[in-house]
Amino acid sequence: MNNHWLQGLNPAQREAVTYGAGPLLVVAGAGTGKTRTLACRVAHLIRNGTTPERILLLTFTRRAAAEMIRRAEELAACDATGRVWGGTFHATANRLLRHYGQAIDLPTDFTVIDEADAADLMNLIRNERGLGDRGRRFPRKQTLAAIYSRTVSAGDKLDAVLKRQFTWCLHEFDAIAEIFVEYTRRKREANVLDYDDLLLAWRTLCESAGAGETVAGRFDHVLVDEYQDTNRVQSDILRALRRSNRNIMVVGDDAQSIYSFRAATIRNILDFPDQFPGTHIVKLEENYRSTQTILDAANSVMAPARERFTKSLWSSRPSRHKASLVTCLDEAEQCRIVCERLLRHLERGVPLMRQAVLFRAGHHSDQLEVELARRKIPFHKFGGLKFIEAAHIKDMIAILRILENPGDEISWFRVLLLLPGIGAKTAGRIMGELGVRGGGDGGAPPAKENGERHRRPRAASVTTPLKRMIDAPPRPPADARRAFEDLRATLKDCSTQPAPPIVSQIERICEFYRPLFEARYDNHPMRLRDLEQLEQIAGRYRSRGSFITDLTLDPPTSTSELAGAPYLDEDWLTLSTIHSAKGCEWQVVHILHVADGMIPSDMALVDDEGAEEERRLLYVAMTRAKDDLYLYFPLRYYHRKHAAGDAHSYAQLSRFLTPDVRRHLHEQGAVIEALATGPRAGSIRAMDEKTNRQWMPDAN
DNA sequence: CATTTATAAATTTTT
DNA sequence: TTTATAAATG
């Protein structure tokens with residue numbers, strides 16, 4: 001047989017690609033050709049007789065799966081697209097549960113809610129119970145959602161999680177537990193699954209007696225990428241999934257685990273050989289990406305960390321020069337220097353496509369984005385706030401979700417609150433009358449039954465809240481009549497039989513939503529474009545249900561903020577959070593804000609583990625670079641709270657850039673150069689020069 | 001009494 | 001820019 005897909009693989013990669021049956025753990029350092037190895041293995045399996053449909057490839061993003069399958073298909077010279085099962089754990093769970101959900105009594109027409117929706121439901125329950133009142137310091141809705149998610153994903157007890165991660169909430173243990181019980185009940189009633197439910201239900205399905213075997217039996221081979229960033233539930237799923245055969249390959253790097261906030265645990269990768277006895281381990285240590293000097297710098301950052309799978313990454317790429325540490329006066333100078341560097345590399349023939357600017361938190365690039373726009377440098381931003389999280393998009397989707405799943409309490413509530421004259425109380429009453437379950441029982445004051453108006457449904461089994469809304473709507477308060485009637489007409493127009501095309505539904509909803517939205521937001525022209533974009537995306541879908549699900553499971557990640565006219569057509573720069581940069585590489589990488597408080601983030605420093613993860617984060621960022629790496633350190637940060645003032649504080653260089661690390665860096669920057677050539681900052685001469693400037697007329 | 005408006009405060013990373 | 005609380009309004 002022609003083994004051409006094995007050409008150009010090194011011995012370790014080849015071993016991983018051609019390994020036979022049984023558990024295989026591939027420890028793959030940064031840039032060691034992990035994607036290629038996975039793609040080749042898929043190709044190898046197919047060429048050796050495995051049916052594509054019987055391969056399951058689990059990756060961190062849908063994009064990564066699509067890319068790998070495309071490459072495998074190319075290598076194996078076959079059509080594997082849409083045949084190999086590929087995607088995220090969550091997307092795969094969704095697919096399987098739609099199929100086999102009945103086996104665990106799960107209605108298969110559930111809708112999926114994101115974390116913000118989950119938080120809203122938590123909030124609803126909290127307010128019903130009056131738990132946030134009386135000035136008690138009670139966790140906010142997002143905190144509640146975070147605690148919940150962490151608890152179920154890690155499979156820990158609530159009190160353990162609170163003790164370890166949320167100590168300040170410990171005194172509210174009972175109330176929190178109560179909210180969580182009710183939260184689960186309400187999700188089931190509304191027939192919605194949150195992100196964690198998808199995994200939990202998949203695990204339940206896999207572990208169930210009959211259907212579990214069927215699901216496991218569907219796949220001859222399971223391959224998992226980024227295994228260091230999976231959680232307990234996910235590893236349970238894998239174990240249950242491999243009950244009929246033990247063909248499983250996991251690939252990961254414990255030095256790159258950066259998702260512990262999502263309850264990912266490196267125990268999964270470390271304990272894999274114990275969970276799957278007889279595991280064969282292959283280490284990929286030759287780095288094809290970076291120059292040796294960049295690797296030296298990155299390795300020195302990791303040196304103090306205790307890495308369990310010891311690897312020694314090496315590169316045969318010649319090292320032209322060291323990575324740079326650029327000290328800047330302040331953030332404005334950082335922006336300026338980044339832009340200059342970008343353009344200098346561009347002039348020397350490195351297109352923007354091969355350059356990236358990375359940062360810890362989404363808002364760290366705010367100033368730079370303004371500067372890029374000013375200079376008309378086009379860019380796409382990945383990570384940070386997403387399209388789907390904008391309030392006006394959520395409003396639109398909520399209406400679609402009501403149409404799709406009339407029991408969806410969260411969406412009803414959100415939509416009713418949009419109507420002027422309707423607040424939380426009225427919305428609750430209307431929902432009660434529509435028969436949307438929720439606040440009905442469980443210790444909460446029952447929704448007021450305004451006796452004469454409350455309709456008792458004759459045929460509750462066929463009447464949904466949506467039908468009731470259309471045929472026998474509750475009476476809204478007088479000042480909300482008009483808007484309420486509008487909503488009713490909209491819902492009616494969108495739910496005719498046969499259902500209108502999804503784009504027409506969105507158009508119709510927009511018509512209803514437009515006036516409300518213009519009254520609500522002052523920057524509506526900008527937001528209006530988002531609505532148009534939503535409509536555009538919807539055009540690619542035939543089913544409303546899959547549109548909504550895809551939007552929550554795989555939301556558009558890049559805000560294509562095309563700064564100005566595309567001067568340098570088709571070429572654009574990548575701005576990305578470090579998390580979203582995982583698995584990517586660029587010729588030139590710029591890392592912003594390498595200062596204590598940013599990397600490591602202050603928020604992460606509650607415990608040692610958090611600090612270590614920040615270290616890995618910096619490591620991940622640095623190892624994205626192939627040829628040139630710049631770390632930027634602004635000395636001063638202005639406090640923007642008092643908008644006018646120039647109050648500022650001085651930053652500390654990131655604690656990870658120890659003297660040992662700095663030996664591998666070339667230090668430069670205006671400040672350094674000024675110090676080298678001009679008078680020392682602390683000298684008498686410098687003082688006099690500064691004073692002398694006071695006699696001079698102001699340049700501005 | 002419920003809703004709207006005003007004011008103050010806080011703000012990581014993502015499926 | 002969003003979110004919780006307090007005051008004002010209908």
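Per chain, numbering begins at 1; letters A, B, ... match sequence-line order. If you're wondering where the values come from, they're calculated on a predicted model, not measured in any experiment.
A:H590 and A:Y632 share a side-chain donor-acceptor pair at under 3.5 Å.
In the set B:dT11, B:dT15, B:dA2, the nucleotide with an atom closest to the side chain of A:K425 is B:dA2. Nearest nucleotide to the A:P420 side chain, out of B:dT4, B:dT14, B:dT12: B:dT4. Comparing B:dT4, B:dT15, B:dT13 against the side chain of A:R262 picks out B:dT15 as the nearest. Picking from B:dT15, C:dA4, B:dT12 the nucleotide with the shortest atom distance to the side chain of A:R140 gives C:dA4. Each of B:dT15, B:dT11, B:dT13 was ranked by its minimum atom distance to the side chain of A:T61; first place goes to B:dT15. With distances taken from any side-chain atom of A:K141 to the nucleotides C:dA4, B:dT14, B:dT12, the minimum falls on C:dA4.
To the nearest angstrom, P of B:dT14 lies 14 Å from CD of A:Q142. Taking atom CD1 on A:I113 and atom P on B:dT15, their separation rounds to 17 Å, with Å as the unit. Per the geometry, CD1 belonging to A:I393 stands 16 Å off P belonging to C:dT1, to the nearest Å. One interatomic measurement links the two molecules: CG of A:N231 to P of B:dT14, which rounds to 17 Å at whole-angstrom precision. In this structure, A:D530 places its CG atom 13 Å from P of C:dT1, rounding to the nearest Å. Nucleotide B:dT13 holds its C1' atom 16 Å from the CG atom of A:D114, rounded to whole Å. One interatomic measurement links the two molecules: NE2 of A:H392 to P of C:dT2, which rounds to 9 Å at whole-angstrom precision. Between the CD1 atom of A:I422 and the P atom of C:dG10 there is a distance of 19 Å, given to the nearest Å.
Looking at A:R186 and A:E128, a side-chain N of the basic residue comes within less than 4.0 Å of a carboxylate O on the acidic one, giving a salt bridge. In this structure, A:D197 pairs ionically with A:R188, as a charged nitrogen and a carboxylate oxygen lie closer than 4.0 Å.
Heavy atoms only, all atoms of each residue included: A:M622 and A:V301 are closest at SD-CG2, 3.7 Å.
Across all strands shown, A:A91 has no heavy atoms under 4.0 Å from either base or sugar-phosphate atoms. Contact annotation for A:Y259: backbone-only contact, meaning every heavy-atom pair under 4.0 Å involves sugar-phosphate atoms and none involves a base. Residue A:S580 is classed as a sugar-phosphate contact, given heavy-atom separations below 4.0 Å to backbone atoms only.
Remark: ring of A:F261 overlaps the six-membered base ring of B:dT13 in a stacked fashion, centroids less than 5.5 Å apart, planes less than 30° apart.
Shown for residues 609-619 of chain A: no residue has heavy atoms falling under 4.0 angstrom of DNA chain B.
In terms of modelled atom types and a separation under 3.5 Å, the side chain of A:E67 and the main chain of A:A64 share no donor-acceptor contact. In this structure, the side chain of A:Q228 does not engage the main chain of A:I269 through any donor-acceptor pair within 3.5 Å.
Base pairing of B:dT12: no nucleotide in any strand meets the Watson-Crick or G-U wobble criterion (both distances under 3.5 Å). For B:dT7, the paired base is C:dA4 (Watson-Crick or G-U wobble, both distances below 3.5 Å).
Counting only heavy atoms from C-beta outward, the side chains of A:R615 and A:R655 never approach each other to under 4.5 Å.
Of the residues A:L199, A:L106, A:T111, A:I113, the one that meets the side chain to side chain contact (heavy atoms under 4.5 Å, CB included) test with A:L193 is A:L106.
Along DNA chain B, the nucleotide closest to A:A361 and the one closest to A:G423 are compared, and the more 5′ of them pairs with A:G423.
Contact between the side-chain N/O atoms of A:T577 and the OP1/OP2 oxygens of B:dT12 is not found at any separation under 4.0 Å.
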